[in-house]
Amino acid sequence: MVVESVLCMNPGDGETSYAKNSFFQKAVLSKARPILEDTIKDMFSTALPTCFKLADLGCSSGPNTLLFVSEIMDVVYELCQQQNCKLPEFQVFLNDLPGNDFNTVFKSLPFFYEKFGEEKGDLYGQRCYISGVPGSFYHRLFPSKSLHFFHSSYSLHWLSKVPEGISDNKGNIYMAKASPPNVFKAYLEQFQKDFSLFLRLRSEEIIQGGRVVLTFLGRSIDDPRSKDCCLFWELLAKSLLDLAAKGLVVEADIDTFNLPYYNPYEGEVREIIEMEGSFDINKLETFAINWDANDDISNKNFVFDKDQCGRNVANIVRAVAEPMLVSHFGDEIMDELFKRYAEHVGEHLCVEKTKHINIVLTMTKKE
């Protein structure tokens with residue numbers, strides 16, 4: 001699998017698109033917003049640049065892409081009101097792999113500018129310059145010391161490639177309770193390489209004192225066999241094996257498919273940052289969100305329905321993983337695969353409302 005060629009969210013705005021099925025990612029952005037706000041306020045507590053240069057890495061497409069930009073602009077606008085100073089210009093770079101649906105993002109820009117012009121004045125919308133930067137964030141993307149701020153939400157759990165030496169992970173598509181020990185070791189080592197590289201590259205592109213805010217999937221305990229690490233994808237592997245039993249999928253194809261993905265323990269993340277040495281950690285926290293983000297204490301209208309909850313989760317996973325799965329298994333089985341997956345998820349949620357563990361951290365580039 002060439003990850004850069006197949007890792008992209010479902011494009012467009014159809015029923016299985018990422019744009020229509022990214023409510024979970026929106027909930028994550030909402031949970032992480034206080035840290036994002038505090039970081040910007042602390043960064044510019046005394047003075048603002050004339051042009052604030054920032055990048056969103058792994059921006060994807062759909063409504064969440066520009067939600068981050070609007071949140072940043074709102075915080076800076078408030079700071080300018082408090083400090084009685086002129087609003088800076090914003091140079092925003094939206095980065096993702098070349099297969100990302102940048103066209104959907106660009107088509108939404110006129111509405112984005114118009115909305116902010118109406119809310120804050122015409123000049124406000126005219127001071128923001130947004131452009132796309134296609135490419136892997138495991139490569140250099142920007143000139144040296146050219147940016148003030150990096151943001152990435154729900155991207156860094158994706159690896160640059162599937163770990164090597166895991167051909168014995170048969171019947172699984174990721175780390176699973178039944179995986180051999182070498183599989184867990186290979187996944188951790190690949191994450192260590194990728195995350196260290198990411199930090200080194202960003203340290204070259206950001207100014208001294210610049211800030212980074214990252215949010216990505218993690219796990220609650222050190223043991224990678226924990227349910228909040230493995231179970232989510234074990235149910236998808238189970239669904240594939242169901243299709244293999246029906247003769248719809250060749251089981252050998254399942255044995256040769258593994259996800260380029262890793263959800264780390266917070267201790268692993270901290271250790272890599274400290275060993276790489278370019279950034280100081282300002283804050284590192286975790287928070288949990290139910291697999292079906294609609295099932296939240298703030299949603300007073302939520303009524304649990306196993307079929308609907310199963311479909312909600314399956315639609316999110318389909319929007320994220322379908323292009324990878326299609327590249328390996330073909331597109332004929334996708335409807336049946338995610339129907340089975342929805343059933344398995346719904347049955348599991350009847351027994352236990354399992355949560356995704358999320359890591360959010362903010363860092364400062366060392367002097």
Side-chain angles (χ1 to χ4, degrees), residues 1-11 16 18 21 97 99 136 138 157-194 217 219 223-264 291 310-311 313-348 354:
M1 181 193 299
V2 180
V3 172
E4 290 187 28
S5 300
V6 299
L7 179 56
C8 60
M9 310 299 104
N10 272 346
T16 63
Y18 182 78
N21 296 285
L97 292 171
S136 169
Y138 294 122
H157 42 251
W158 294 110
L159 302 173
S160 66
K161 64 178 184 177
V162 175
E164 297 176 356
I166 59 170
S167 58
D168 55 346
N169 195 33
K170 298 187 184 302
N172 305 306
I173 62 172
Y174 178 51
M175 298 186 302
K177 289 188 181 72
S179 294
N182 63 289
V183 172
F184 297 98
K185 183 173 182 288
Y187 267 102
L188 172 58
E189 289 177 350
Q190 187 62 50
F191 178 74
Q192 289 170 331
K193 290 176 186 175
D194 284 345
L217 279 161
R219 63 179 189 267
D223 185 359
R225 292 174 176 83
S226 63
K227 63 188 174 186
D228 54 34
C229 179
C230 298
L231 182 59
F232 193 69
W233 297 112
E234 284 179 357
L235 294 178
L236 186 58
K238 184 178 180 180
S239 304
L240 283 164
L241 290 169
D242 289 345
L243 299 195
K246 291 182 175 182
L248 300 176
V249 174
V250 178
E251 192 163 341
D253 287 344
I254 302 173
D255 293 340
T256 57
F257 179 82
N258 287 284
L259 289 164
Y261 171 96
Y262 186 75
N263 42 344
W291 281 7
R311 284 193 296 271
V313 175
N315 288 343
I316 290 169
V317 175
R318 183 170 187 171
V320 169
E322 185 168 20
M324 276 187 296
L325 292 162
V326 167
S327 74
H328 191 84
F329 298 103
D331 59 4
E332 297 86 0
I333 66 163
M334 291 299 124
D335 287 343
E336 182 64 22
L337 172 63
F338 285 102
K339 178 184 176 184
R340 292 294 301 140
Y341 184 59
E343 290 170 359
H344 287 312
V345 170
E347 289 164 5
H348 169 74
T354 313

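In this text, all values refer to a predicted model and were calculated from it rather than measured experimentally.
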Once side-chain contact (heavy atoms from CB on, under 4.5 Å) is applied, do any residues pair with D331, and if so which ones, sequence neighbours excluded?
V326
Does the side-chain contact (heavy atoms from CB on, under 4.5 Å) test come out yes or no for L248 and D242, once each step is laid out?
CA-CA 9 Å; L248 300 176; D242 289 345; over 6 Å; no
Can you tell me how far the CE atom of M175 sits from the CG atom of L259, to the nearest 0.5 Å?
10.5 Å
Can you name the side-chain contact (heavy atoms from CB on, under 4.5 Å) partners of L188, sequence neighbours left out?
Q192, Y262, E268
Can you name the residues that form a ring pair (Phe, Tyr, Trp, His ring centres under 6.0 Å) with H344, not counting sequence neighbours?
none
Set of ring pair (Phe, Tyr, Trp, His ring centres under 6.0 Å) partners for F338, sequence neighbours left out
none
List for me each residue that meets ring pair (Phe, Tyr, Trp, His ring centres under 6.0 Å) alongside F329, sequence neighbours excluded, and say none if there are none.
F257
Working to the nearest 0.5 angstrom, can you tell me the gap between L236 CG and I173 CD1?
4.0 Å
Residue pair D253 / H328: nearest heavy atoms and the distance that separates them:
O-NE2, 2.8 Å
Between F184 and A176, what is the shortest heavy-atom contact and its length?
CZ-O, 3.1 Å
Note: S239 and L337 closest approach over all heavy atoms is CB-CD1, 3.7 Å
Could you go through the side-chain contact (heavy atoms from CB on, under 4.5 Å) check for M324 and W158 one step at a time?
CA-CA 12 Å; M324 276 187 296; W158 294 110; 3.6 Å; yes
Residues passing the salt bridge (charged side-chain N to carboxylate O under 4.0 Å, His left out) test with K170, sequence neighbours excluded, are none
Sub-3.5 Å donor-acceptor pair from the side chain of R219 to the main-chain atoms of N263, do we have one?
yes
So which atom in N169 and which in S179 form the shortest heavy-atom distance, rounded to 0.1 Å?
OD1-OG, 2.7 Å
Shortest non-hydrogen separation from N172 to N258 and the atoms involved
O-OD1, 3.7 Å
Apply side-chain contact (heavy atoms from CB on, under 4.5 Å) to Q190 and list each qualifying residue two or more places apart in sequence or on a separate chain.
L159, S160, K161, P163, D194
For K339, check side-chain contact (heavy atoms from CB on, under 4.5 Å) against everything at least two apart and list the hits.
E336, E343
With sequence neighbours excluded, tell me which residues meet salt bridge (charged side-chain N to carboxylate O under 4.0 Å, His left out) with D255.
none
Residue pair K177, D223: steps toward the salt bridge (charged side-chain N to carboxylate O under 4.0 Å, His left out) verdict:
CA-CA 10 Å; K177 289 188 181 72; D223 185 359; over 6 Å; no
Using every non-hydrogen atom in the two residues, find where L243 and R340 come nearest and quote the distance to one decimal.
CD2-CG, 4.2 Å
side-chain hydrogen bond (donor to acceptor under 3.5 Å, both in side chains) partners of N182, counting only residues at least two apart:
D168
Do I333 and L240 have side-chain heavy atoms sitting under 4.5 Å apart?
yes
Suppose we screen for salt bridge (charged side-chain N to carboxylate O under 4.0 Å, His left out). Which residues come up paired with E332, at least two apart in sequence or across chains?
none
For K193, enumerate each residue passing the side-chain hydrogen bond (donor to acceptor under 3.5 Å, both in side chains) test, keeping only those at least two apart in sequence or located in another chain.
none
